[in-house]
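Counting from 1, the numbers follow the sequence of the chain as shown.
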Amino acid sequence: MQSFPTYWDRTWFEPFRQHLEQDSGWATWEGFQLAVEATEALIVPHFDTLLSLQQIRGFKPLPHQIEVVRKVTGEMRGRAILADEVGLGKTIEAGLILKEYLIRGLVKNALILVPSSLVLQWTRELQQKFQIPAMAQKKAWMWDQYPILVASMDTAKREPHRNFILNKNYDILIVDEAHKLKNNRTKNWQFINEIKKKYCLLLTATPMQNELKELYNLVTLLKPGQLGKQSHFQSEYMAGKRKAKNEEKLRTEIQSVLIRNRRQDHNLQMSKRIVKTVLIELSPAERALYDEVSRFVRSQSNQEKDLKNMLSLLVLQKEVCSSRDAVFHTLFKLFQQKEHGKESLSPEIAHLIQLLRQVNYSSKVEKAVELITSIPEKVVIFTEFRATQEMLIRELTREGITAVPFRGGFNRNKKDWMMELFQKRAQVLVATEAGGEGINLQFCHHMINYDMPWNPMRVEQRIGRIHRLGQTNDVYIYNFATKQTIEEHIIWLLHEKIQLFESVIGELEMILESLGKEESLEQHLMQIMTQTENDEELRHHLHQWGEKFSQTRQAVAQKEELLYGTSQGKIHH
């Protein structure tokens, strides 16, 4: 076997001997600094240290959000109901928890299930705020290609998507709007229950809307057995459907899986709401149309028993306060009669259409153009009707005001495009009710309620698009109301009796659920309107409803105290 010569390098020895004798020159200052940095990088932090806080860019989490992350990852072992009041940042908390687990290597794949209107918003926030490579699920093949997917609940529970999901093991499952899982007999509950997951976050501002059983169903989804079997829960904690017993013990059990923060428990600096009611005088032609449509709706409502037709009458009553275009479309579509095999309009409808033709302009649109012209900043204007939306855009364009539409019929890409145009180029976003959910508009702080919804929750959803944590400017809200119409009465109810605009009502949805379990609020108000003969009587009935709302609010506050304690927003260790 051939041997190879070996040579020894001795060039290092002489410098080493000199350093040894002089005890100096061992390293440069730059080398020392690098050594210190290397050592610091190798130090293992305390387990409670949140590594995610060092990784996020572009925003600073609030103290209560950081505490939620600590509690969920530390005490709750990654399974929790995040039940903060609306606008306190449940999405931020969920994103931080996901980021923390990703950094620690405890999560490799994740499934986020949300309403379809929120898929893009969730995807954007995870990417931009947390640098999490989330993808919006669009095709069936994506289930196996991307480790972190955001999908709509409606899509996920259908085949073939359902099969893909149930055959996978997820490290973490996040479900937004989780109050829709309150009934364990629904397909949604059963689907979520079947998903294999290590960690699970359920996000909802209303974990219990009516019955204690709803809360039991949510907790069982999260941690089966936490509250025992259903029979045990009923005998141990339920004195009735809505009444609890062993309250202290129940509260302790709930607080081990549920976190709820309220505004009143934290010193959260929210910008002000400056609310202005803009009263509009109808023209003689518009007044004649309103009076005749109202008379027609009253007469038809007293005879009508079909719910579908009742809802059509409700829409017509709203539209007459919105625009002639909206009224025309409804009249022409819904109230045609067939005589002798031919379509013809009834005499009453023909009379209303004749009155429509005499309306040459819209007083509300004129006021909207005048107001927007006086505001040198961006404005979002909400209407309930597409015909009104198109008319507003036409008139604003004619006045040289750049405006873009936003409505539910747009696909995801078009919605993104409209938002981009509004943020960077257009002055006005004209949105239908689809704009009340799933979009963040903190860069805008002027909002016009061109049509006022009869449901306070929908009003609050609209306002929540611009008035939320992160809004640095005072928010101006202009509520349009045509004088001596049902619209003026509705605004009086919301403003004076419910005091909706004074502050954000976190428990609003729970109150409305309690009030309107048997029938929708809109239908109830419709009945009040059709069964009264004059404004004084109408105002009296609305006053009574407002009093009932206040009483229900107190009952909801007592329920919150029962479930979460007097300091529900504060996290106890």
Side-chain angles (χ1 to χ4, degrees), residues 115-117 120 280 286 289-290 293 297 308-336 349 352-353 356-357 359 361-369 372 379-399 401-419 421-422 426-439 441 444 447-455 457-459 461-462 465 478-482 485-487 490 520 522 526:
S116 57
S117 61
L120 284 179
I280 299 160
E286 289 174 318
L289 176 64
Y290 174 83
V293 167
V297 168
K308 184 177 179 181
N309 291 336
M310 277 287 291
L311 293 175
S312 298
L313 292 168
L314 171 64
V315 170
L316 185 63
Q317 182 63 45
K318 289 182 175 182
E319 285 174 331
V320 73
C321 294
S322 180
S323 71
R324 63 181 295 278
D325 292 38
V327 175
F328 179 81
H329 281 281
T330 298
L331 283 175
F332 203 73
K333 284 182 181 179
L334 301 179
F335 296 104
Q336 286 184 318
I349 302 303
L352 291 176
I353 289 178
L356 268 174
R357 291 195 178 103
V359 178
Y361 68 94
S362 170
S363 301
K364 280 182 91 172
V365 171
E366 282 194 353
K367 178 58 72 172
V369 172
I372 292 170
V379 180
V380 58
I381 179 167
F382 280 102
T383 176
E384 293 197 90
F385 309 107
R386 182 171 174 177
T388 303
Q389 180 190 47
E390 292 172 349
M391 185 180 71
L392 277 164
I393 291 175
R394 276 198 314 270
E395 294 302 317
L396 289 169
T397 303
R398 186 174 294 143
E399 295 295 325
I401 299 170
T402 52
V404 293
F406 191 95
R407 56 176 174 262
F410 292 166
N411 61 35
R412 293 179 187 173
N413 290 336
K414 191 166 184 179
K415 284 181 179 178
D416 267 2
W417 184 36
M418 291 298 110
M419 292 302 302
L421 287 174
F422 177 47
Q427 183 191 353
V428 181
L429 180 75
V430 185
T432 59
E433 216 52 47
E437 296 181 356
I439 56 173
L441 301 168
C444 171
M447 190 189 84
I448 298 174
N449 283 312
Y450 182 91
D451 300 315
M452 182 60 72
W454 290 13
N455 188 328
M457 193 65 198
R458 286 165 60 197
V459 181
Q461 285 171 344
R462 288 179 175 185
R465 297 309 96 211
Y478 306 91
N479 297 319
F480 279 18
T482 44
T485 68
I486 184 65
E487 203 170 50
I490 293 297
S520 74
E522 285 92 341
M526 177 72 172

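- Inspection of the Glu286 and Ser363 side chains reveals an N or O donor paired with an N or O acceptor under 3.5 Å.
- Atom CD1 of Ile381 is separated from atom CG of Leu396 by 7.0 Å, given to the nearest 0.5 angstrom.
- The minimum heavy-atom distance between Arg462 and Thr383, with the atom names listed, is NH2-C, 4.2 Å.
- Salt bridge status for Glu390 with Arg386: present, with a side-chain N to carboxylate O gap under 4.0 Å.
- A 4.5 Å side-chain heavy-atom check between Val365 and Met391 finds at least one atom pair inside the cut-off.
- The nearest pair of heavy atoms linking Asp451 to Lys364 is OD1-NZ, 3.4 Å.
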Quick one, Ser322 with Glu384, criterion side chain to side chain contact (heavy atoms under 4.5 Å, CB included). Give me CA distance, side-chain angles, the key distance, then yes/no.
CA-CA 8 Å; Ser322 180; Glu384 293 197 90; over 6 Å; no
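- The line from CZ of Phe328 to CD1 of Ile353 is 5.5 Å long, rounded to the nearest 0.5 Å.
- A donor-acceptor pair under 3.5 Å links the side-chain atoms of Gln389 to the main chain of Val430, judged by distance alone.
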Trace of the side chain to side chain contact (heavy atoms under 4.5 Å, CB included) decision for Leu316 with Val327
CA-CA 6 Å; Leu316 185 63; Val327 175; 4.0 Å; yes
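- Panel note: side chain Arg324, backbone Val359; a donor-acceptor pair is recorded below 3.5 Å.
- For the pair Lys318 and Phe385, the cation-pi test (distance below 6.0 Å, angle within 45°) is failed.
- Side-chain contact between Leu392 and Val428 is absent, with no heavy-atom pair separated by less than 4.5 Å.
- Put simply, OG1 on Thr402 and CG on Leu429 are 11.0 Å apart, with the number rounded to the nearest 0.5 Å.
- Between atom SG of residue Cys321 and atom CD1 of residue Ile280 there is a gap of 10.5 Å, rounded to the nearest 0.5 Å.
- Looking at every heavy atom in both residues, Phe382 comes nearest to Thr432 through CD2-O, 3.9 Å.
- Minimum heavy-atom separation, Lys415 to Phe410: CE-O, 3.4 Å.
- Expressed to the nearest 0.5 Å, how far OH of Tyr478 lies from CG of Asn449 amounts to 12.0 Å.
- Across all their heavy atoms, Ile393 and Val404 have their closest contact at CD1-C, 4.2 Å.
- In terms of heavy-atom proximity, Ile486 sits nearest to Tyr290 at N-OH, 2.9 Å.
- With hydrogens and angles left out, the side-chain atoms of Thr482 and Glu487 include a donor and acceptor closer than 3.5 Å.
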Verdict with reasoning, Phe422 to Leu441, per side chain to side chain contact (heavy atoms under 4.5 Å, CB included)
CA-CA 10 Å; Phe422 177 47; Leu441 301 168; 4.2 Å; yes
